[in-house]
Amino acid sequence: MRMSRMFSKTLREAPNGADTKGYEYLLRAGYIRQMGAGIFSLLPLGFRATEKIKAIIRSEMEAIGAEEMEMPVVNPADIWKETGRYYSIDKEMSRFKDRNNRDMVLAMTHEEAVTDIARGEVDSYKRLPRLVYQMQTKWRDDPRPRAGLIRVREFTMLDSYSFDRDAAGLDKVYRDHYRAYFRIFSRCGLPSIAVGADSGMMGGKISHEYMYLSPIGEDTIIYCPECGYTANRQIAKFSKEYFPEEMKEIEKRETPESKTIEALAEYLGVDPKKTAKCVFMVGSFINDKNGEEEDKLIVAVVRGDLEVEESKLSNAARANALRPAHEEEITACGMVPGYASPIGAKGDFICIVDDSVAKSNNLVAGANEAGYHLLNTNYGRDYSGMVADIASARDGFACPVCGKPLKASKGVEIGNIFQLGTRYSEAMNCTYQDENGKQVPVVMGSYGIGVGRLLACLAEEYNDEGGLKLPVSVAPYQVHLVSLVKETEIADKIYEDLEKAGIEVLYDDRKETAGVKFADADLIGIPLRITLGNRSLKEGKVEVKIRESGETTSFLLEDIADEIKAEIMREQQEIDSRIVNKELD
RNA sequence: CGGGUAGUAGCGCAGGGGCUAGCGCACUUGGUUCGGGACCAAGGGGUCGGAGGUUCAAAUCCUCUCUGCCCGACCA
């Protein structure tokens with residue numbers, strides 16, 4: 001491609017709002033342009049880079065036997081009503097009516113669509129297993145897009161869907177994806193880890209998220225440097241201490257100005273570990289059949305030294321959504337914020353007690369009377385509720401596996417894999433006939449990678465003061481040919497020769513000064529730069545600079561295509577040597 | 001949806017009741033320069049986010065509204 005004819009141009013200054021390096025360079029180098037909040041165009045450079053990523057994805061998906069297909073972005077709402085997600089998903093899914101007043105949705109994922117198709121295609125055990133994938137546009141009306149391509153509303157996603165007879169089949173294809181995803185990310189050059197995750201709106205049991213560890217990430221990963229335990233904080237477990245002892249008589253005590261655990265613990269001179277605190281949320285429960293919504297107060301009880309993890313609480317309560325409770329909602333159930341406990345509470349609420357509280361005795365808890373707390377309260381004797389792990393894992397807490405201190409790190413979720421089971425096949429009656437003539441629901445899995453987000457992470461990982469320096473496997477071009485000579489004949493000839501040799505060349509044939517061309521080359525970050533200047537040309541040589549290392553070598557003009565090919569191969573091999581082949585334990 | 005902040009040329013910004021709305025970069029033309037964001041000269045480009053209001057006079061003051069960004073809620 002001749003830069004003199006390239007659609008995009010580079011920007012000297014970062015547009016306002018580009019506050020991470022990767023995002024800034026993607027904008028300045030002309031890979032992407034923003035059109036609205038969370039809505040971006042891929043300019044030719046960005047498009048080429050994502051096509052490289054997609055090619056890697058294709059080859060790895062084909063390697064595990066997946067077939068590529070494409071499903072519509074617009075779905076009739078009916079299939080979403082069948083699974084209930086038409087009702088359980090809130091504004092994040094955009095809905096509209098077509099000209100005949102039929103309910104339609106913009107599909108934010110394709111479990112419903114693919115299951116709808118599969119129930120027509122898969123009728124016998126002989127037609128299982130099956131595995132399909134697509135790379136297609138999703139629209140998710142995220143309430144808060146941010147950080148360029150990291151969190152957007154419209155994006156391209158690789159999504160694949162597996163269909164199996166049984167759990168064993170699902171387990172195999174899930175493992176295939178587990179391995180393939182590591183290969184995909186590592187072939188792109190992106191370091192990643194897999195963590196156990198919350199399955200969220202997808203339903204199903206087992207899921208893993210792939211994380212690119214970076215301070216720009218929004219997820220918190222809890223991991224154990226000692227034994228390798230990793231999980232998203234939303235579900236991360238940790239080893240809790242319990243304090244069982246003989247139950248003592250409950251005792252009411254005046255505790256003025258002790259609305260917080262710290263104040264209370266100080267006033268009474270007790271360890272926060274000997275207190276129980278209440279967190280009030282309101283859960284929204286949705287009837288999958290008719291979409292009717294019901295709100296219910298949830299009282300979460302954790303020990304004073306711990307925090308409630310809302311995802312865990314939401315899962316334990318089987319709530320569709322949680323929000324903090326209003327004061328009236330709390331008092332309506334007979335509890336007094338600041339001095340609350342489930343003891344003596346009345347009315348319709350759900351009480352969920354962390355096992356840290358359930359397995360400890362004689363804790364201080366609210367008396368439901370302003371200014372008073374109760375000493376020696378005990379779960380089971382004084383109040384009841386469902387026991388679950390609802391506490392949030394923090395940096396320094398003990399590893400649930402080996403007991404060593406856990407660490408926390410920020411990460412960007414770049415992919416995830418879910419064992420769906422029969423959640424969708426049962427709801428949509430996607431069954432097959434087994435050897436005995438019995439109709440059995442198909443066992444499904446779904447798997448996704450955000451393609452644009454992957455590019456954004458690569459831009460974060462690979463940059464320096466000058467701009468981007470993407471790995472050769474994903475860079476939009478392999479070579480940047482910078483001509484500094486006035487006579488275009490030699491440069492044109494080299495450009496044509498390189499193209500003929502099958503090399504992807506970005507040819508800077510513009511009438512710009514050397515400084516501008518070099519600065520743009522650094523910004524765009526093509527792995528290799530050929531410099532054509534009078535100086536070396538006199539000796540029949542050209543210079544080749546490696547963007548990553550800054551290392552420069554010169555080659556004879558007639559060898560250039562071969563040398564470049566060899567260097568591209570070296571860089572590609574370097575990436576291939578870092579391919580991660582990891583099996584799910 | 002709450003809190004904050006900002007919308008003035010393609011990008012980055014200044015100007016805060018008054019006369020022709022500026023600056024840097026980018027762009028056009030001519031000339032010089034020519035291996036790390038050159039120089040000189042002459043130019044082009046603006047519904048000052050939008051609507052309404054106050055005023056002799058509004059980019060500037062007031063009201064409403066739209067949009068972006070950041071924090072939170074939220075989120076596969």
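Residue numbers start from 1 in every chain, and the chains themselves are labelled A, B, ... in the order their sequence lines are given, proteins ahead of strands. Note that the structure is predicted; figures quoted are calculated from it, not measured.
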Between A/Thr10 and A/Arg12, does any side-chain donor sit less than 3.5 Å from a side-chain acceptor?
no

Can you tell me if A/Thr513 touches the phosphate of B/A38, counting only side-chain N or O atoms and a distance under 4.0 Å to OP1 or OP2? yes

Between B/A73 and B/G3, how far apart are the P atoms? Round to whole Å, please. 16 Å

Scan A/Ala514 against the nucleic acid and name what it touches under 4.0 Å (heavy atoms): base, sugar-phosphate only, or nothing.
-> sugar-phosphate

Quiz prompt | Rounded distance in Å between the P positions of B/G45 and B/G52 | solution = 27 Å

Here the distance between atom C1' of B/C74 and atom CE of A/Met281, to the nearest Å, is 11 Å

Side-chain contact check for A/Glu310: nearest option of B/C74, B/G35, B/G37 is B/C74

From CD of A/Glu465 across to P of B/G36 the rounded distance in Å is 18 Å

Original post:
In whole Å, what separates the P atom of B/U47 from that of B/A21?
Top reply: 13 Å

When both distances are under 3.5 Å in a Watson-Crick or G-U wobble arrangement, the nucleotide paired with B/C69 is B/G4

Taking only nitrogen or oxygen atoms into account, show me every contact under 3.5 Å that the protein makes with nucleotides 9-16 of chain B, one pair per line with its distance.
unit_1, atom_1, unit_2, atom_2, d
B/G12, OP1, A/Asn16, N, 2.8
B/G12, O2', A/Glu13, OE2, 3.1

Pairing partner of B/C61, by Watson-Crick or G-U wobble and under 3.5 Å for both distances, is B/G53

State whether the distance check finds a donor on one side and an acceptor on the other, under 3.5 Å, for side chain A/Asp522 versus base B/G36.
-> yes

- If we ignore angles and hydrogens, is there a donor and acceptor under 3.5 Å between the side chains of A/His208 and A/Tyr174? yes

Rounded to whole Å, CD1 of A/Ile216 lies from C1' of B/C71 at a distance of 17 Å

**Prompt:** So what does A/Ser314 touch, heavy atoms closer than 4.0 Å: a base, only the sugar-phosphate, or nothing?
**Reply:** nothing

I'd like to know if the side chain of A/Asn463 pairs up with that of A/Glu460 as donor and acceptor (distance under 3.5 Å, no hydrogens or angles considered). no

Of the candidates B/G35, B/C25, B/C70, the side chain of A/Arg146 sits closest to B/C70

- Query: Looking for any heavy atom pair under 4.0 Å, which part of the strands does A/Ala521 touch: base, sugar-phosphate only, or nothing?
  - Reply: nothing

Please tell me whether A/Lys138 and A/Thr109 have a donor and an acceptor in their side chains that are separated by less than 3.5 angstrom.
no

In whole angstroms, the gap separating C1' of B/G68 from CG of A/Asp19 amounts to 12 Å

- Message: So, does A/Arg144 get its side chain near the phosphate of B/C71, meaning an N or O under 4.0 Å from OP1 or OP2?
- Response: yes

Distance col, row A/Glu567:CD vs A/Ile564:CD1, nearest 0.5 angstrom, shows 7.5 Å

Handout entry: Phosphate OP1/OP2 of B/A26 contacted by A/Arg12 side-chain N/O (<4.0 Å)
Key = yes

Original post:
What distance, rounded to whole Å, do you find between the two C1' atoms, one in B/G53 and one in B/G17?
Top reply: 15 Å

On RNA chain B, more 5' by nearest nucleotide between A/Glu512 and A/Leu532 is A/Glu512

C1' atom, B/U8 versus B/G22: distance in rounded Å? 10 Å

If you take atom types as modelled and just measure distance, does the side chain of A/Lys545 reach the base of B/G36 with a donor-acceptor pair under 3.5 Å?
yes

As its Watson-Crick or G-U partner within any shown strand, both distances under 3.5 Å, B/U20 has none

Test side chain to side chain donor-acceptor pair (under 3.5 Å), reference A/Asp509, set A/Arg2, A/Arg5, A/Lys517, output is A/Arg2

Is there side-chain contact between A/Asp159 and A/Tyr447, with at least one heavy-atom pair below 4.5 Å? no

For B/C25, the nucleotide meeting Watson-Crick or G-U wobble distances (both under 3.5 Å) is B/G10

Rounded to whole Å, NZ of A/Lys511 lies from P of B/G31 at a distance of 13 Å

Heavy-atom side-chain contact between A/Phe96 and A/Val74 under 4.5 Å:
yes

Those residues at least two apart in sequence (or on a different chain) that pass side-chain hydrogen bond (donor to acceptor under 3.5 Å, both in side chains) with A/Asp141 are A/Arg153

Any N or O donor-acceptor pair under 3.5 Å from the base of B/G36 to the side chain of A/Arg529? yes

Judged by nearest nucleotide, the residue sitting upstream toward the 5' end of RNA chain B, A/Gly466 or A/Gly448, is A/Gly466

Considering only heavy side-chain atoms of A/Gln34, the closest of B/G36, B/C69, B/C74 is B/C69

Notebook entry, point to check: Below 4.5 Å, heavy atoms only, C-beta onward: do A/Glu209 and A/Ile417 meet side chain to side chain?
Noted result: no

Worksheet entry | P gap between B/C71 and B/A58, integer Å | 40 Å

Separation of B/C69 atom P from A/Leu149 atom CG, nearest Å, is 12 Å

When rounded to whole Å, the CD to P distance for the pair A/Glu413 and B/C74 reads 16 Å

Open item on the list: I'd like the C1' distance from B/G7 over to B/G44, given in whole Å.
Closed with: 25 Å

Against the side chain of A/Ala37, the closest entry in B/G35, B/C75, B/G68 is B/G68

Paired to B/G30 by Watson-Crick or G-U wobble criteria (both distances under 3.5 Å) is B/C40

(message) Taking B/G2 as the reference, what is the distance to B/G46 when you measure between their C1' atoms (whole Å, please)?
(response) 36 Å

Whole-Å distance, A/Asp90 CG to B/A73 P, equals 17 Å

